[in-house]
Amino acid sequence: MRAAALALCAGVGVLLGRAVLSMPETEAGVAPLIEANLAASGVKNPVTAVLLNFRGYDTLLEIAVLVLATIGVLSLSASKPGTWAPVAAQADPVLSALARFLAPVMVLVSGYLLWAGEHAPGGAFQAGSVIGAAGVLLALSGYARPAWVSRFALRAAISVGFIVFLGTAAGSMLAGGTLLEYPPELAKTLIIVVETWLTVSIAAILISLFIASASPAEQLRRRTESEW
Amino acid sequence: MGDWVTQQLPALLILVPFTAAPFAYLLGAGYDRQTALLSAALTQPLAAFLALTVVQEGPVRYAIGGWGGPLGIELAADGFSATMVLVTSVVGLLVTVYGLRYFGDLERYRFFWPLWLFLWGSLNALFLSADIFNLYVCLELVSMSAVALVGLTLRREALVAAMRYMLAAILGSLFYLLGVALFYGAFGSVDMATLRETVRPDVAGQAGLALMTAGLVLKTALFPLHFWLPPAHSNAASPVSAVLSALVVKGSFFILVRLWIDVAQPEAFPGASVVLGVLGSSAIVWGSVQALRQERLKMLVAYSTVAQIGYLFLLFPLASGGGQAASDAWVGGIFHAVSHALAKSAMFLAAGIVLARFGHDRLEGLGGLSRRAPVTAMAFGLAGVTMMGLPPSGGFIAKWQLIKASIGSGQWWWAVVVVAGGLLAAAYMFRVVGPFFAREAEDLDDSDLDPGPSPVTMDGAALALALGALVLGVAGQPLIDLIMVGAPALVAGVTP
Amino acid sequence: MSWEGAALLMAVVAPFATAVGIFALGEARERARSAVNLIGAAVTVVAVLACATAAWSAEPGRHAAVGIDLLDIGFGLKADMLGALFAVVAGVLWLITTVYATGYMSHASDRARFFGFFSICVGSAIGIALSKNLLTFFVFYETLTLATYPLVVHSGTPAALRGGRTYLMYALPAGGALAAGVVWLNLLAGPVEFAAGGSLDPALAASHPTALVVIFALLMLGLGVKAALFPVHGWLPAAMVAPAPVSSLLHAVAVVKAGVFGIARVVLEVYGPLGPELGVTQLLAALAGFTIIFGSVRALAQDDLKKRLAFSTVAQLSYITLGVALASPIAIAGGLAHLAHHAAMKITMFFTAGAVAEEVKAYRVSEFDGLGRRMPLTMAAFSLAALGIVGVPPVAGFASKWLLGVGAVDAGTWWVIAVLGVSSVLNAAYFFPIIHRAWFREPKAEWAGGPPTGQPEGDLRMVVPLVVTSLLGLAMGLMAGADLSPASWASAVAGWGLPW
Amino acid sequence: MVSQTDLYTLAGALLFVIGLYGIITRPHLLHKILALNISSAGVFFVLVGIARRVPGPTPDPLPHAMVLTGIVVTVSSTAFALALAKRIYTDTGVAVLDASDIEAEERTGG
């Protein structure tokens, strides 16, 4: 078994190595095309332009992957108590204080990242991850879902980014274009709207993924009821 | 309005299920089934309309974002794509209808609806994509929704099967992505139309194609990389099994065909198509022999899928020489994919009814089924006709074309495989169907568990799929015409 | 669509539609089901008779046809003389068998399933008869293969399931061989249509002799199983576990004659003069000759009546094959006439076997002592049919054997005369003892007084059909020279006028 | 002479192969999932390496975009795979695919 695996890996390695070394020294690819159309994309960062405009469809599907994975994880964590330890047995006062200080800062940072994504590395994923991290931090320091956040609201937060993205896509079709064809003058606005809602969803998704995997549903519910 | 729909058809076919999916999740219990049914109902005319448009006006191209390839991503629907979208919508609708009663409003199964709608949307996206990187994302979407559906029952065997499937699927995707990377590095594009002009059989090109093929073969469960399929397909809930066997394995096969027949030219990669053909033949024999040895109905049907996948791969050696034989092989291969989709989903749906009624699917305990559940038994038996490739059935037309292509291209040995495979299929099908006619009443044990005749919608869905596979064998010409629209040059029937 | 086209479609669609109706009505609604069944069979008879009229009135080589496109070949039906002959035989006997089966199956279970699949079998047989090309023929042929299976295993006993398995083990590989042959031939010669005098381009014999011989072998293997040619005849005796109506109509008429009919189509209307040129028909004739003797000898040794009848069928079917394979229009006429003659006589005998089994529970020849006293009409019909098979004039079998003999002389194949002679002696040897036992042995005490007083000798739904078919057999022989008799019909197909 | 870009790309190829070996040989599910992540990191390396092949100083943005998309996809599937593995561990007490793998796991100290 091991020998076979080793042989397979060696074979794949040699194949890959030869392929890499045989590739042309330079290959322009579609870089010149991206350069030429950057102005019409609504954003200044070429990577963001590819992600959100030229190949915005990839990103739409990638959000679908994210939402799908979340639903998948939630489908697995339904019922049956687990044996892994809950997120936090009790709130650590130091962590709790730190979290209370850090959380608003992180939200601010995420806002900056969202805005910066238009011309520099950044964007919804980075922004959403930071808020997500803030949420994880809060969860680790003993906070759980606030009572006013209903199950429906959680589901809505998870899916809103995808739904808004789909809505923009459909909107561009209703406006006479093709899927995700932004009119150049509206491109920037639309992209920012989508990015903002994506940030919300990505944050909600990351927090949900963490809580759903880290803490058995039953214990989470118990804590939610008793402490909040 | 009509014009608008015509222009937006490919996008709509993807958007409708993808929009329904988050709403089914968001609205939750009470509205998820309605959402799914609405989406299924909307998809039917769209898919039919796409097929009609393709037949009447030729292949459809759709530039997402208005950019067009190679800068942006294009959707493309030729006859092959439209065929696959159509069969997905037909199987999808009937599985949805079946699922309404099968899953009922059990809390545990409420995740079925969003996951299934995601799968449906992903399949449509995959069949319509003309961009090899975008196909990677589609593949991941298909695999992950399929895996999540396998794990839906939360039964231990199902979870382990789902895990095995997941690992195989991710690994397959990574191989594929690596191949995409090499293709981009060597040829500077991920747009299929551009690649068609630029792909060369040099070292990087061959390595890229080899890696993509390896990944896709793993995902299609071609022998000997089929290890993950039987447990996953047999342990999933039956509507899920139906979709997996009927549609999901065809997704990665679809990309393989695109790459080999359309983008790259098989003769540029000598020998490789023969290897695929040999693996396909081995799959036919191995899968059938394993099916003969199974003790559980769903396991047998799953191994039958392993065998039937083998036929699809005969397309590669048979098409590699071009000319009329390649054209015959093209029709035969795709026709097989379609009729297998219909028949196999019928079988899994029938098996689901058996499981639901009698609490087990042990073969030894299925005696006398034709008396206890005549419609279910009839659906299974009729689907078996297609599986054996006997007329009148879609499977027969497919095998006819494959045999014709074998003899026509001077590779008669594949014809022997096709005929032998049909006989093996008959052997394992009659292992199941024969005892249906047995007299002993005590054969169907646990009969006190029997909740009585299954709902008409469930029996009806299974029977409709089985009959569909039969009808293809008599009135299949429109489908053949559709398949040939915009067929790649190699298989378009032009003698080189 | 012309009336001929409508008749063609109706002849094939009506039995299938009947099947759908029967399945839909299900087990419980027996009266409605029987009504649908009888109406379907009656409509079918009208339709096949219309097809026959179309065939008779058509100018040579210009048949009414209908079809749909599929692949580059197409599915299609046509009304020609040869096809109409088989279609009429199958359709008319179906109607009679339906009456018989209603009586025979009156105490059985799963009748909806039985009659449903029965109708599909008949529809397939008529489809086989009226197919305009080899592809259509093959499609119906395999449908028949599959639809017969549930009937063979109908009783659901382990023995029945075994019989079914044996049947499939012969029939499915045969189907595979046939498929390979059909595809290959279509590829070699283009779409293979049936046409009097052969449809293959004579040039092929020179360019692809080996391929044509191999294809012929594949086709004969595929068709030979249903035609019960030695050595692939073994399924037929095993299939006798099926209920009597199945043995009667399917295993004496529809299924087995589908094989023989296919051989006739291939030899006469596909290969035509190429057959003798390649030397394949001579081989076929020899094989058929051997099967005749072999089947007759095996029949001698059977005590089980249905088994004896089955081996007799093995032998009798080869009369038809032999006639077709001999290069003489007279022999061809004899063979094809035997297709109808044997049908009427053998179905009578199987009907009898079933009626006797139901009424007095006698299954073996050795249990038949004095049965003529208990069931006089039934045994009279049986005796008449047996005489016919043996070839005693004026019952039908005599006419076909006579034509075969004359044809053999015409073709210069003298050994056939010897085969016919030996076989007739053997036929007599396995049938006369039954007749002797039934009429001249001392009956069991309870049979001595004849049928129960005031009652018929059995269920009339069984007795009447078997009397009717035996009289049909007699009429076919007596009026062999009449215009529409099977013998004149077959002669017209063979393109040769009757000598009388 | 192997260029810097090629070296980077080759390192990606090596990572891919190392991950592949782990996926096949390691019985523990967590190891398999981690190995998959190593492999995907390798693929991303290769893509980043390929992005450097454009003439001029700015790398090709398309492979970068692919990597970003790929990362999200990989993160999602890793999350799902981990949840699945955990569920299997919860239900069966072991995180392996085959019961026979348990011995192998003990032998290798995994």
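Since the structure is predicted, the reported quantities are computational estimates derived from the model, not experimental observations. Below, chains carry the letters A, B, ... as their sequence lines are ordered, and counting in each starts from 1.
Both the backbone and the side chain of B/A125 come within contact range of chain A, each with at least one heavy atom under 4.5 Å from a heavy atom of that chain. Proximity to chain B is limited to the side chain of A/V12, based on heavy atoms less than 4.5 angstrom apart. In this structure, chain B has heavy atoms under 4.5 Å from both the backbone and the side chain of A/A40. Of the two parts of B/D202, neither the backbone nor the side chain holds a non-hydrogen atom closer than 4.5 Å to a non-hydrogen atom of chain A. Using a 4.5 Å cut-off between heavy atoms, B/L119 does not touch chain A at all. At a 4.5 Å heavy-atom cutoff, the contact between B/P70 and chain A is made by backbone and side-chain atoms alike. Interface residue A/S22: only side-chain heavy atoms are found under 4.5 Å from chain B.
The two residues A/A31 and B/Y184 come nearest to each other via the heavy atoms N-OH, 4.4 Å. Taking both residues in full, the closest heavy atoms of A/L15 and B/A207 are given as CG-CB, 3.8 Å, listed atom of the first, atom of the second, then distance. Contact record, A/M23 with B/A204: CG-CB, 3.9 Å, taken as the closest heavy-atom pair. In this structure, A/L68 and B/L141 approach most closely via the heavy-atom pair CD2-O, 3.5 Å. The minimum heavy-atom distance linking B/L71 with A/R55 is given by the pair O-CG, 4.0 Å. Taking all atoms of both residues into account, the shortest heavy-atom contact from B/A148 to A/G72 is CB-CA, 4.2 Å.
A distance of 10.5 Å separates CD1 of A/I71 from CZ of B/R110, quoted to the nearest 0.5 Å. Atoms CD1 and CG, from B/I64 and A/N53 in turn, are 12.0 Å apart once rounded to the nearest 0.5 Å. Interatomic distance, A/F152 CZ to B/L27 CG, rounded to the nearest 0.5 Å: 6.5 Å. Taking CG of A/L60 as the reference point, atom CG of B/N134 lies at 10.0 Å (rounded to 0.5 Å). A distance of 8.5 Å separates OG of A/S75 from CG of B/L149, quoted to the nearest 0.5 Å.
Contact annotation for residues 156-167 of chain A against chain B (heavy-atom separation below 4.5 Å, listed by residue number): A/A156, A/I158, A/S159, A/F162, A/I163, A/L166. Of all residues spanning residues 200-207 of chain A, none has a heavy atom less than 4.5 Å away from chain B's heavy atoms. For residues 7-26 of chain B, heavy-atom neighbours of chain A at less than 4.5 Å comprise B/Q8, B/A11, B/L12, B/I14, B/L15, B/F18, B/T19, B/P22, B/F23, B/Y25, B/L26, sorted by residue number.
Side chains of A/Y57 and B/V137 form no contact here, defined as non-hydrogen atoms less than 4.5 Å apart. Counting only heavy atoms from C-beta outward, the side chains of A/L16 and B/L182 approach each other to under 4.5 Å. Two residues are said to be in side-chain contact when any heavy atoms from C-beta on lie closer than 4.5 Å; A/L21 and B/V203 fail this criterion. Residues A/V67 and B/F118 form a side-chain contact, since some pair of their non-hydrogen atoms from C-beta on lies under 4.5 Å apart.
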Could you go step by step and tell me if A/V30 and B/V190 meet the side-chain contact (heavy atoms from CB on, under 4.5 Å) rule?
CA-CA 9 Å; A/V30 293; B/V190 286; over 6 Å; no
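The stretch residues 124-175 of chain B participates, sequence neighbours left out, in these ring pair (Phe, Tyr, Trp, His ring centres under 6.0 Å) pairs: B/F127-B/F254, B/F133-B/Y136, B/Y165-B/W228, B/F175-D/F16.
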